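Just so it is clear: chains get the letters A, B, ... in the order the sequence lines come, proteins before strands, and each one is counted from 1. Excluded from the calculations below are hydrogen atoms, water molecules and symmetry mates; all remaining heavy atoms, backbone and side chain alike, are included. All values derive from a computational prediction rather than experimental measurement.
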Amino acid sequence: MLQLEIIREEKARIVAGLRKRNWNSSQLKVIDQIIVLDDQRRSGQKELDDARAEMNKMAKSIGALMGQGKKEEAEQQKKAVVLLKDKEKSLEEVLAATKHDLDQLLYSVPNAPHKSVPTGKTPEENKVFKAWAKPFPTLPADAVPHWDLGKKYNLFDFELGVKLTGSGFPVYRGQGARLQRALIQFFLDEAVKAGYEEVLPPHLVNEESARATGQLPDKEAQMYHCTEDNLYLIPTAEVPVTNIMRDEIVNIKDLPIKMTAYTPCFRREAGAWGAHVRGLNRVHQFDKVEIVRVEHPDNSYKALMGMVAHVSKLMTKLELPYRILLLCGGDMGFASAKTFDFEVWSAAQQRWLEVSSVSNFETFQTNRLKLRYRDTNGKIELAHTLNGSALALARIVAALLENNQTADGIQMPKALWKYTGFKKIG
RNA sequence: GGAGAGAUGUCCGAGUGGUUUAAGGAGCACGCCUGGAAAGUGUGUAUACGGCAAAACUGUAUCCGGGGUUCGAAUCCCCGUCUCUCCGCCA
């Protein structure tokens, strides 16, 4: 969530940012309500603290009187304190209510987009940051979409997934399963080469973790919830990996912290089905390698571009046509201040598929995470967090299969050979 | 899953109702001492939210988390979490 400090001191910037998310004047009133509630919180805190200070003083003097054997005087003071206690209790209740209301409002406000983020409401208004300049692959006349290729070469089976689990849970098999494992290994190796520490986190997280990275309360419907244990299946490795640093104060010289993780990702995608989501285009479980960075605020936008470069390199090595979009305010995620999306060209479907999202969250996550660093002058400040997919598998597989199909099999890009153990499917 | 023990600051560790304002030790930082270092020695060493224009200073909260008893709780009571030991189960 946004820092109160920033809302108060840089209100104009926050308001300008929220307008990029198409907030109208009546929605923007929340900002003023937040400031009013914060004023109430402060004065309530002061009153409560003063009442407690008074009680502490009296308790001490009662102790002293008891020590001196002045029992009667002590008894008299006890009666006085009892009155104060009622006052304290009601002050406590008022303050708790104020804090609760304030939190509710703060949770409802998305991150303020960076000044370089374009205004816009829909995906159509995203800016093409880097276009694909070369020609798209030319396919044989009998080229088919990946779901047909999957059947033809026995690479994955959706019907079987339905039998085991339900729709959107494909079973990969044979060379399809091997390709899946090869890509994971390739992406992890590239991330480690780029200086990211590999971690293998739990695939279930508790409520606190989901809240700290912003999945709760905003995206509750997106996650699978194990109610028996109150745990959530992770929708992305971002959640457990970023939470590794929760409640930490790191030394400034330990920045940046760079971590990478492979995990399966689970998404309910409730109500998001249609003709355009056939095959691997949208599934409930997919594999992804994520990169996460904790950065000094002065360096976070440079780091963002570094991550964009890393993902670009992966696409190049996989020899896939791609473009990079700078998302407009209306299309950005709740917690992000600036996001680049990567889309791969799926030649048989003749459409772009989103395969990576690289974002800077500034202090939006670290504010909830309480992830801070100690500056050279000893001051404690919130760090910036960033993350990106590097890369999400299912759609990459779709594009690899479609773009590289030939009359006698599907060619694999050279970079994958040592991971797949085969140069061609079929 | 059953039984028992435990959780105190960066770490170790004392603390069973009131000068605890959390002893003591280690570590760390800075200074003194030294040709330099070690040893010795002195000082400092949490976080959050407030008050003051700000600093100095100062208030409140925090001894695993939540609730309770009390004028007063690290300390007593209840609930929960986690760790360790033993047993059971088990890849």
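The C1' atoms of A46(B) and G42(B) are separated by 22 Å, rounded to the nearest whole Å. Separation of the P atoms belonging to G2(B) and G51(B) is 49 Å when rounded to the nearest angstrom.
Considering only side-chain N and O atoms, R372(A) lies under 4.0 angstrom from the phosphate OP1 or OP2 of A48(B).
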Requested in this report: Mind running ring pair (Phe, Tyr, Trp, His ring centres under 6.0 Å) on H296(A) and Y373(A) for me, showing each step along the way?
Outcome: CA-CA 8 Å; H296(A) 190 282; Y373(A) 65 93; 4.9 Å; yes
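Taking atom CD on E207(A) and atom C1' on G80(B), their separation rounds to 15 Å, with Å as the unit.
If you check every strand for non-hydrogen atoms under 4.0 Å, L84(A) touches nothing.
Taking the six-membered ring for Trp and the full ring otherwise, Y301(A) and H114(A) have centroids separated by under 6.0 Å. The distance between the ring centers of F340(A) and F129(A) falls below 6.0 angstrom.
Side-chain N or O atoms of E88(A) include none that pairs as donor or acceptor with a backbone N or O of L84(A) at under 3.5 Å.
Residues in residues 328-343 of chain A take part in these salt bridge (Lys or Arg N to Asp or Glu O under 4.0 Å) pairs, two or more places apart or across chains: R323(A)-E343(A). Applying the salt bridge (Lys or Arg N to Asp or Glu O under 4.0 Å) rule to pairs touching residues 2-14 of chain A yields R8(A)-D38(A), R8(A)-D39(A), E10(A)-R13(A), K11(A)-D32(A), sequence neighbours excluded.
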Requested in this report: Go along nucleotides 57-72 of chain B 5' to 3' and tag each nucleotide: B for a protein heavy atom under 4.0 Å from its base, S when only backbone or sugar atoms are that close, - otherwise.
Outcome: --BSS--------BBS
